[in-house]
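Below you'll find the structure, written out as structure tokens, and then a few comments.
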Amino acid sequence: MRGLMLSVNLPDPNFQRMELVAEPRVEKGSSTSLLQVSSWIELADPQYSQLSTTPVDDDKELEHFLAANKGQYRYDYVRLGCSFCPQNGERFEKAFLSVTLKPDGPPPPEVPISWSLFPLTNYQTGKETTSAKIGASAQILSAQIGGSSEIETRQYSLRGFREGKPNPYWELYSNQSEPLVGSLRLHMVVRSAAASPTLGEVRLEAVISNRSFVVFRQKRPFDQTPSSQFRLPAA
């Protein structure tokens, strides 16, 4: 495989702010009274673009790959985004951003899958990603800044799971050096049957700790979480 091929640039997405609601728990037979939750999270509207067979920088490899799959498969680049905004000493311990892909209509011979995820593991970048580089086999090779926009971001701990499946997800978590704070963008290439539209469902879940106590940390999941949908049209 050659170096970086197709550059995909999309405009900045809109974010939908979601207030979090604590989930009541029962411990040792009695209801636990939870403190008022003041932190909040945001989920960006998914953005997508179908990969074109038009070569970039006189590179034919991606063109040949997509042309060989034309009529059978369609490849779409999808960009996701989320933000974490802890308040009043609260801390996001862990979060999950999950995607469910399914045909939007009669089941095709093959279900849509997450052909490529980016990033898959912890990364070291100090810039927020606004575009992606797609390699010859429609794999995401890197995510880079598009245009002249460069935004400094924090480093997060991150792992991607179920690449090649219809239900991929990313796990995000705080570590000792970096809390889970601020905005993050995630990238995916979806492979679908060419003649079948694909529906994607996105969900963001988070667990927060209240650090008001020296010894104890009260971890609290949330029963109302942001979700959104996107639809990839047939080729």
Taking all non-hydrogen atoms of both residues into account, name the closest pair between [X] and [Y] and its distance.
{"X": "A95", "Y": "F84", "result": "CB-CE2, 3.4 Å"}
{"X": "V202", "Y": "P46", "result": "CG2-CG, 4.1 Å"}
{"X": "A138", "Y": "F65", "result": "CB-CE2, 3.6 Å"}
{"X": "P119", "Y": "L186", "result": "CD-CD2, 3.9 Å"}
{"X": "S39", "Y": "F92", "result": "CB-CZ, 3.9 Å"}
{"X": "Y75", "Y": "L66", "result": "CD1-CD2, 3.7 Å"}

What distance separates [X] [atom1] from [Y] [atom2], expressed to the nearest 0.5 Å?
{"X": "C82", "Y": "I41", "atom1": "SG", "atom2": "CD1", "answer": "8.5 Å"}
{"X": "R203", "Y": "S228", "atom1": "CZ", "atom2": "OG", "answer": "11.0 Å"}
{"X": "S157", "Y": "Y173", "atom1": "OG", "atom2": "OH", "answer": "4.5 Å"}
{"X": "L80", "Y": "Q47", "atom1": "CG", "atom2": "CD", "answer": "9.5 Å"}
{"X": "E93", "Y": "I208", "atom1": "CD", "atom2": "CD1", "answer": "9.0 Å"}
{"X": "W170", "Y": "H187", "atom1": "CH2", "atom2": "NE2", "answer": "8.5 Å"}

Please confirm whether the backbone N or O of [Y] pairs with a side-chain atom of [X], one donor and one acceptor, at under 3.5 Å?
{"X": "W115", "Y": "S137", "result": "yes"}
{"X": "T100", "Y": "N167", "result": "no"}
{"X": "S114", "Y": "R162", "result": "yes"}
{"X": "R74", "Y": "A193", "result": "yes"}
{"X": "S174", "Y": "L180", "result": "yes"}

Is the closest side-chain heavy-atom distance between [X] and [Y] below 4.5 Å?
{"X": "S116", "Y": "Q139", "answer": "yes"}
{"X": "I134", "Y": "I140", "answer": "yes"}
{"X": "L117", "Y": "M188", "answer": "yes"}
{"X": "L101", "Y": "F230", "answer": "yes"}
{"X": "P112", "Y": "L232", "answer": "no"}
{"X": "L158", "Y": "L184", "answer": "yes"}

> Should the ring pair F96 and Y169 be called parallel, tilted or perpendicular, given that the plane angle runs from 0 to 90° and is split at 30 and 60?
Replying inline: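 F96 vs Y169 ring planes: tilted.
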
Side-chain atoms of residues 103-110: list all donor-acceptor pairs with protein atoms under 3.5 Å, sequence neighbours left out, distances to 0.1 Å.
unit_1: D104; atom_1: OD2; unit_2: R231; atom_2: NE; d: 2.6
unit_1: E110; atom_1: OE1; unit_2: Y73; atom_2: OH; d: 3.0
unit_1: E110; atom_1: OE1; unit_2: R191; atom_2: NH2; d: 3.2
unit_1: E110; atom_1: OE2; unit_2: Y73; atom_2: OH; d: 2.5

> Does the pair I113 and K165 meet the rule for a side-chain contact (heavy atoms from CB on, under 4.5 Å), with working shown?
Replying inline: CA-CA 5 Å; I113 62 171; K165 304 292 184 180; 5.9 Å; no

>> List the residues meeting salt bridge (charged side-chain N to carboxylate O under 4.0 Å, His left out) with E171, not counting sequence neighbours, and say none if there are none.
In response: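 Result, salt bridge (charged side-chain N to carboxylate O under 4.0 Å, His left out) vs E171: K94.
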
> Do L120 and F161 sit in the same hydrophobic cluster, where Ile, Leu, Val, Met, Phe, Trp and Tyr count as joined when their side-chain heavy atoms come under 4.5 Å apart?
Replying inline: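 No; tracing contacts between hydrophobic side chains, which count when under 4.5 Å, never links both residues.
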
